[in-house]
Amino acid sequence: MKTIATTRSAMNIPTGRLAVWWVLVSEVVIFGGVLVSYLMHRLGHPEWAEEASHTNTWAGAFNTLVLLTSSLSAVLAHKAAGQGNGKRAAMLLRLTCVGGLIFLIVKSFEWTHEIREGLTLQTGGFWEYYYLAAGLHGFHVICGMLIMLWVANSADKNQDLHRVENIGIYWHFVDLVWIFLFPLLYIAK
Amino acid sequence: MASHDAAHAEHQGHDTNYVKIWLILVGLLVVSVTGPMLGIRVVTLVAAFGIAFVKAYLVVKNFMHLDIEKPVIHWALGLALLIMVVMYAGIAPDVQKSTGQRWVKSQGFHYLPAHKQEAAGEKDAGEHH
């Protein structure tokens, strides 16, 4: 038995994909709220540039590369699903998850170093935003990985291949958020 | 059901060279990291934020396929972004200003340089007299 989301369209958009976009619209407001709020505080506090100089640009750049690469494997998974190749789609989705895992490992090393340096949530406004924005983003990476593993499992059996595109759209959004977090938290010093 | 399949099919017909797009994105990442090393503020801002917008455009267009998505999605996303602009316009004056009518930011989160605090204090005292 198939779920309604796999068989019905609304406004000529499959309801599953429409739901993903609807989630992303709310995510734009969630992440946008944090980023806009950070931006206005940053512009009002030039001294935060000194705080930002403690973040590791190379770790941030490496993580950007990892997420961009994982986005490539996600879109290639979508392409494979479109060709009806569920096995390849599943393999590429799992590869995308590996990218997410590398991202989280690098982030955990970064945070450990920073916390040991005494740069915690209590250190000041910049670090509050740093941990909030990166933490919220990391949470979305974890959620995306879990859903992706579930989708890969069904794609492996050539079932519900449309979900490969849906989780891919979500993953690209997670990548997109990082594209803006990287210059805000790591480059503008 | 037929329209559902058609809606799916139109998203499968891409012949985009995804690896090429990825290479461009990686190239832009390199520029965004090396540009600020020159130490010129304008170059840093353009390299960091200008390139972020270009990268975002490439991801949205080529990976998320928003260019062939239905207009309702564009409108919904546009509305969400508009809300962000309204939020900024409404709150930024309070956050980015150091002083206002009978208020001054204290040290800590609402930091104010010492000379500005003194100036603000004198102004406030003058108003009370």
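Everything numeric here is computed off the predicted structure, so don't read it as measured data. Any value given below was found using the heavy atoms of this structure, including those in side chains, with hydrogens, waters and symmetry copies removed. Order of the sequence lines fixes the chain letters, A, B, ..., with proteins taken first and strands second; residue numbering starts at 1 for each chain.
Atom CE of B/M84 sits about 12.5 Å away from atom CG of A/L39, to the nearest 0.5 Å.
For chain B, no part of A/S26 is nearby; none of its heavy atoms comes within less than 4.5 Å. Proximity to chain B involves both the backbone and the side chain of A/I179, based on heavy atoms less than 4.5 angstrom apart. Neither the backbone nor the side chain of A/Y186 comes within less than 4.5 Å of any heavy atom in chain B. Interface remark: A/L35 contributes no atoms to any contact with chain B (heavy atom separation under 4.5 Å). With a threshold of 4.5 angstrom between heavy atoms, A/W58 approaches chain B through side-chain atoms but not through N, CA, C or O. For A/L72, the parts lying near chain B are the backbone and the side chain together; criterion is any non-hydrogen pair under 4.5 Å.
For the side chain to side chain contact (heavy atoms under 4.5 Å, CB included) with B/L81, the qualifying choice from A/V25, A/V29, A/V28 is A/V28, the only one to do so. A side chain to side chain contact (heavy atoms under 4.5 Å, CB included) with B/K55 holds for exactly one of A/L176, A/T64, A/D175; it is A/T64.
Each of B/L29, B/V30, B/V59 has some count of heavy-atom pairs under 4.5 Å with chain A, and the biggest count is that of B/L29. Per-residue counts of heavy-atom pairs under 4.5 Å with chain B were compared for A/V75, A/L24, A/T57, A/L65; the largest is that of A/V75. Chain B forms the most heavy-atom pairs under 4.5 Å with one residue out of A/G33, A/S37, A/G168, A/A10, and that residue is A/G33. Interface check for chain A: of the options B/I91, B/L45, B/V85, the most heavy-atom pairs under 4.5 Å are formed by B/I91.
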Pair up each side-chain donor or acceptor in residues 91-99 of chain A with any protein partner under 3.5 Å, not counting sequence neighbours, and list the distances.
unit_1, atom_1, unit_2, atom_2, d
A/R94, NH1, A/D156, OD2, 3.2
A/R94, NH2, A/D156, OD2, 3.4
A/T96, OG1, A/S73, OG, 2.7
A/T96, OG1, A/A74, N, 3.4
A/T96, OG1, A/L92, O, 2.8

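Checked against the 6.0 Å centroid criterion, the rings of A/F180 and B/F49 do not qualify as a close aromatic pair.
Minimum heavy-atom separation, B/M87 to A/M40: O-CE, 4.3 Å.
Between A/L18 and B/K70 the shortest side-chain heavy-atom distance does not fall below 4.5 Å. Contact check for A/M11 versus B/I73: no side-chain heavy atoms found under the 4.5 Å cut-off. Between B/F63 and A/L68 there is no side-chain heavy-atom pair separated by less than 4.5 Å.
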